[in-house]
Amino acid sequence: MIGADIDNEDAMHPTIFETNRPAARIVEDALADTKLGCFWTDDVAGHAASYEPLAGDTRVDDAVVGGGYAGLWTAIKLKTEHPERRVVLLEAVRIGWAASGRNGGFCEASITHGEPNAEARWPDETGTLSRLGFENLDAIERFIGEHKLDVDFERNGALSVANAPHQVEWLGESDDPAVEVYDAEQVQQRIASPTFLGGEFSPHENANLHPAKLAAELARHAAEIGVEIYERTPVKRLDGGSDAPIQLVTERGTVTAERVALCTNVFPSLLKRYRLHTVPVYDYVLMTEPLTDEQLASIGWAGREGLADMANQFHYSRLTKDNRILWGGYDAVYFAGGKINPEHEDRMESHRKLASHFFTTFPQLAGVKFSHRWAGVIDTSTRFCAFFGQAHGGRVQYVAGFTGLGVGATHFAADVIVDRLEGRVTERTELKMVKDVPLPFPPEPAASIGINLTRWALDRADHNEGKRNVLLKTLDALGLGFDS
């Protein structure tokens, strides 16, 4: 029985988070006055611009659906390349309110959700994908600097840490000569935690930023160069043939466009053929109050790098501009039926577990309070990184499936979309990663069964020295496995 098996594995190989739990009172006190709400979006409330909804029918050259990063970058690139064209962006709620405004704020170079994922799926393109990823991050950094976007951008690299002896054995596998490998003493000189047994520091592959500020600033720039932004304008359906103009039907009017980019992330695709290619998985996050100078000194973290551990169910963490600690990950929850529901964001079980793991990692911070707790919906695809689709003779382009690592990858995706809308053949458009479309998820109830079995198997691997069982090995062989 699955339940019996996992209980036995827990008894044989408990993780550090089970053997070194903090006192329950520490966790409860830290969560006692925590607000259910996203710190990032709260932080920009009252400062970010708002945009009126669509009012009536209109005809445009290019229309973008979705006011997250992918849609904003695409609209900016289309308008910058063709200032004479009329470019419209339609957002169902408000700019950056969903995944783009509530993620961890890690802007990574990888466009494939990590090098191992690229090696497993596109081994002949791994070097190219790595190079393009770093070029993409460089381009984001240049754009932010050139246009003076106020987004708290800090390119301080990333630290991956081992919390178990078997994870120490994985250190040093990267081909990147810039990666520094640390033993326990060296890694704790960067960030002090009794759980860190070793680590790898990648100095160039990650930048931290304020995700809600990035969405707001991209929208501001887009509006300044002439992109027409309409909030509170959900698109109900997409009509049109390969030769006729495309029509985006909303309750407030119809937008008729020559070209359309669909950047709706986790929300159901307007193209029926892609509706089973992503599933919504909820990721949970905590944010502390600002640390005092004494508290910050107790953990070091002078480099302010992004932090993650090496487990299948991994945690991620970073410092904010005002020295709060964001702490998220571990639980990735799929709710039966695959529905997006705000009620799923209030899952105290996950937030309490995260708080416990936080104080296991940083026991010297006992007494610190969490100011915010929230969740975000990840658009998971079966290949764990973005995929591209199209319709109507290529005049409709689609991207989704970023699987939680889209802050940087959305910029690359926008370049691909614009290339394809313009009919250009480029290095990007010819990648197998761009041309290949992943397998869809099965319909319910098979999706729930498969996803939850996989989650169980990943948890079991973390309790069994990282050893992948038959289920995970089979998924690996089918190209459906995941190595973060």
Side-chain angles (χ1 to χ4, degrees), residues 38-41 43 68-70 73 96 98-118 130 133-134 136-141 144 149 151-161 174 176 179 190-191 199-215 217-218 265 281 283-288 301 303-311 313-321 323-330 332 354 358 361 372 374-380 384-386 402-413 484:
C38 177
F39 167 79
W40 306 120
T41 52
D43 197 41
Y69 297 145
W73 283 121
S100 292
R102 59 179 57 222
N103 60 79
F106 297 86
C107 188
E108 296 201 15
S110 176
I111 55 177
T112 58
H113 211 298
E115 187 175 292
N117 197 39
S130 177
F134 278 100
N136 180 66
L137 182 52
D138 291 342
I140 294 171
E141 184 174 14
I144 289 171
L149 304 190
V151 299
D152 300 348
F153 186 92
E154 297 179 296
R155 191 164 180 179
N156 294 330
L159 179 66
S160 298
V161 296
S174 174
D176 185 349
V179 172
R190 295 196 72 97
I191 305 177
E200 290 183 344
F201 177 60
S202 304
H204 308 301
E205 77 168 27
N206 177 68
N208 294 336
L209 52 76
H210 190 306
K213 283 186 178 180
L214 178 61
E217 286 286 86
L218 288 177
N265 196 46
V281 174
D283 183 48
Y284 295 86
V285 188
L286 294 171
M287 184 73 85
T288 73
W301 216 335
R304 302 180 58 82
E305 59 268 42
L307 171 67
D309 63 49
M310 303 178 74
Q313 297 183 109
F314 61 92
H315 308 84
Y316 55 84
S317 187
R318 46 77 57 94
L319 291 168
T320 65
K321 184 178 181 179
N323 291 330
R324 300 169 185 264
I325 296 179
L326 177 141
W327 182 258
Y330 195 82
L354 276 174
F358 176 86
T361 305
H372 292 74
W374 72 92
V377 193
I378 295 172
D379 58 332
T380 301
F384 302 99
C385 64
F402 292 97
T403 317
L405 207 66
V407 177
T410 50
H411 179 272
F412 174 82
S484 61

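Just the heavy atoms: all of them, side chains too, but no hydrogens, waters or symmetry mates, feed the values below.
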For this session: Verify, without hydrogens or angle tests, whether Arg155 (side chain) and Ala207 (backbone) share a donor-acceptor contact under 3.5 angstrom.
Result: no
Exercise. Do Lys213 and Asp43 have side chains that get closer than 4.5 Å, going by heavy atoms?
Worked result: yes
Exercise. Considering only heavy atoms from C-beta outward, does the side chain of Val285 approach that of Leu326 to under 4.5 Å?
Worked result: yes
Exercise. Between Asn265 and Asp379, is there a donor-acceptor pair closer than 3.5 Å when you use the side chain of the first and the backbone of the second?
Worked result: no
Exercise. Quick one: does Ser100's side chain have a donor or acceptor within less than 3.5 Å of a partner on Tyr69's backbone?
Worked result: yes
For this session: Look only at the side chain of Asn136 and the backbone of Phe412, and say whether a donor-acceptor pair between them is shorter than 3.5 Å.
Result: yes
For this session: May I ask you to decide if Gly104's main-chain N or O and Arg318's side chain share a donor-acceptor pair within less than 3.5 Å?
Result: yes
For this session: Going by the side-chain hydrogen bond (donor to acceptor under 3.5 Å, both in side chains) test, name the single residue among Asp309, Asp283, Asn103 that passes it with Tyr316.
Result: Asp283
Exercise. In Å, rounded to the nearest 0.5 Å, how long is the span from NE2 of His315 to CZ of Phe358?
Worked result: 11.5 Å
Problem set entry | Heavy-atom donor-acceptor pair, Arg102 side chain to Trp40 backbone, under 3.5 Å | no
Problem set entry | Any donor-acceptor N/O pair, His411 side chain to Ala139 backbone, under 3.5 Å | no
Problem set entry | CG-CD distance between Leu159 and Glu200, expressed to the nearest 0.5 angstrom | 9.5 Å
Exercise. Heavy atoms, side chains only, cut-off 4.5 Å: are Leu218 and Leu149 in contact?
Worked result: yes
Exercise. So, do Leu137 and Cys107 sit near enough that their side-chain heavy atoms are less than 4.5 Å apart?
Worked result: yes
Exercise. Checking Trp327 side chain against Leu354 main chain: does a donor-acceptor pair fall under 3.5 Å?
Worked result: yes
For this session: List for me each residue that meets salt bridge (Lys or Arg N to Asp or Glu O under 4.0 Å) alongside Glu154, sequence neighbours excluded, and say none if there are none.
Result: Arg304
Problem set entry | Close side-chain approach of Ser202 and Asp176, heavy atoms under 4.5 Å | no
Problem set entry | Any Trp301 side-chain heavy atom under 4.5 Å of Leu319 side chain | yes
